[in-house]
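Note sheet for the following structure.
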Number of protein chains: 2
Amino acid sequence: MKPDCSNDDHSVSGLSAVDDSVCDRAAGIFRALGDPGRLKVLILLSQQEMCVTEIAIALEEQMTTISQRLKLLKSERLVRSRRDGKHLFYSVADQHVSQLVSNGIDHARETDP
Amino acid sequence: MKPDCSNDDHSVSGLSAVDDSVCDRAAGIFRALGDPGRLKVLILLSQQEMCVTEIAIALEEQMTTISQRLKLLKSERLVRSRRDGKHLFYSVADQHVSQLVSNGIDHARETDP
DNA sequence: CCTTCAATTCACCATTTGATGAAGTGTAGG
DNA sequence: CCTACACTTCATCAAATGGTGAATTGAAGG
């Protein structure tokens, strides 16, 4: 039974008919970005490829903490890693990710402090 | 002390020098988007203005659940509300929000299933 | 092989989160 | 004013989350 305020549907943006699995995946991505610690890692990696120790030093955190964050970011395919000798170098998975992060930061800046 | 893998900084994108408070705010926004339930509400509202009851029916959830989600989304300034008689109509705060959601969905679709 | 450095995994903890039902606002109509 | 409807707030609780130190894996170099 429809409530008396119901409106007839007229889809607008490219957001109509979003598959549940796609929705879950998108939420997973946003969730991964939704922690200041992980976001800082991504901001760093948007600027340059870095190894775990470097990130830990830059953010003044324990290496194990950074490793955990990277694990989650990687499980959402937001970062990639490449081994070089003893080091594992991480970088943003693709330009799309930096874009997403950048958009979020922009929006954060635009809405009144 | 620098690790032997250290690289000289050469900022690239518009993401260098991100204020801590901005970072926290951006993370807050992403966190709000990072739940399938809330994301579904936003996807609905990206298409049209709706009252709480309508949203609850559309998503087959309890009204109190939807109300809680809307409260969080509003606290992050992702949605606006407007009263009309007994009804409270909610809509996306601005086009930027739909854009952000849309980008996330796109990214979710692009990365292999 | 043995040691060292880099990084991950594991187990544990406190904290946060999200749904839920009961109770409380607030608006309109009789 | 009193009732009905629309919605929010509150308190509760199980589940998920994030950081931490100890133990583990993995790659050089002697």
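Basis for what follows: all heavy atoms, side chains included, without hydrogens, waters or symmetry-related copies. Just so it is clear: chains get the letters A, B, ... in the order the sequence lines come, proteins before strands, and each one is counted from 1.
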*How long is the line joining NZ of A/Lys71 and C1' of D/dT17, in whole Å?*
13 Å
*Any donor-acceptor pair under 3.5 Å linking the side chain of B/Arg82 with the backbone of B/Tyr90?*
no
*Give the minimum heavy-atom separation between A/Ala32 and A/Leu72, together with the two atoms involved.*
CB-CD2, 4.1 Å
*Protein proximity profile, nucleotides 18-30 of chain D - base contact B, sugar-phosphate-only contact S, no contact -, cut-off 4.0 Å on heavy atoms*: SSBB-----SS--
_On a heavy-atom basis, which atom in A/His87 and which in A/Cys51 lie closest, and how many Å separate them?_
ND1-SG, 3.8 Å
*With distance as the sole test, does A/Thr65 use its side chain to make a donor-acceptor pair with the main-chain N or O of A/Glu61 at under 3.5 Å?*
no
*In whole angstrom, what separates B/Leu73's CG from D/dT8's P?*
12 Å
*Does A/Arg77 come within less than 4.0 Å of A/Asp94, counting only side-chain N to carboxylate O?*
no
_D/dT8 OP1/OP2 closer than 4.0 Å to side-chain N/O of B/Tyr90_ = yes
_Spacing between B/Leu88 atom CG and C/dT27 atom C1', to the nearest angstrom_ = 10 Å
*Check the distance between C/dG18's C1' and B/Leu39's CG and give it to me in whole angstrom.*
16 Å
*Rounded interatomic separation in angstrom, taking CG from A/Leu70 and P from C/dA6*: 16 Å
*Not counting sequence neighbours, which residues clear salt bridge (charged side-chain N to carboxylate O under 4.0 Å, His left out) with B/Arg38? List them please.*
none
*Gap between atoms CD1 and C1', on B/Ile66 and C/dG18 respectively (whole Å)*: 12 Å
*Please report the shortest heavy-atom distance between B/Val97 and B/Ala93, naming the atom on each side.*
CG2-CB, 4.3 Å
_Using five base pairs at each end to define the local axes, how bent is the helix from C/dC1-D/dG30 to C/dG30-D/dC1, to the nearest 10°?_
20°
*May I ask you to decide if A/Gly37's main-chain N or O and A/Arg69's side chain share a donor-acceptor pair within less than 3.5 Å?*
yes
*State which of D/dC7, D/dT9, C/dT8 makes the closest approach to the side chain of B/Met63.*
D/dC7
*If you look at every heavy atom in A/Leu70 and A/Val79, which pair is closest and at what distance?*
O-CG2, 4.0 Å
*Atom-to-atom span, CZ of B/Arg82 to C1' of D/dC7 - whole angstrom*: 16 Å
*Specify the separation, in whole Å, of atom CD1 of B/Ile55 and atom C1' of D/dC7.*
12 Å
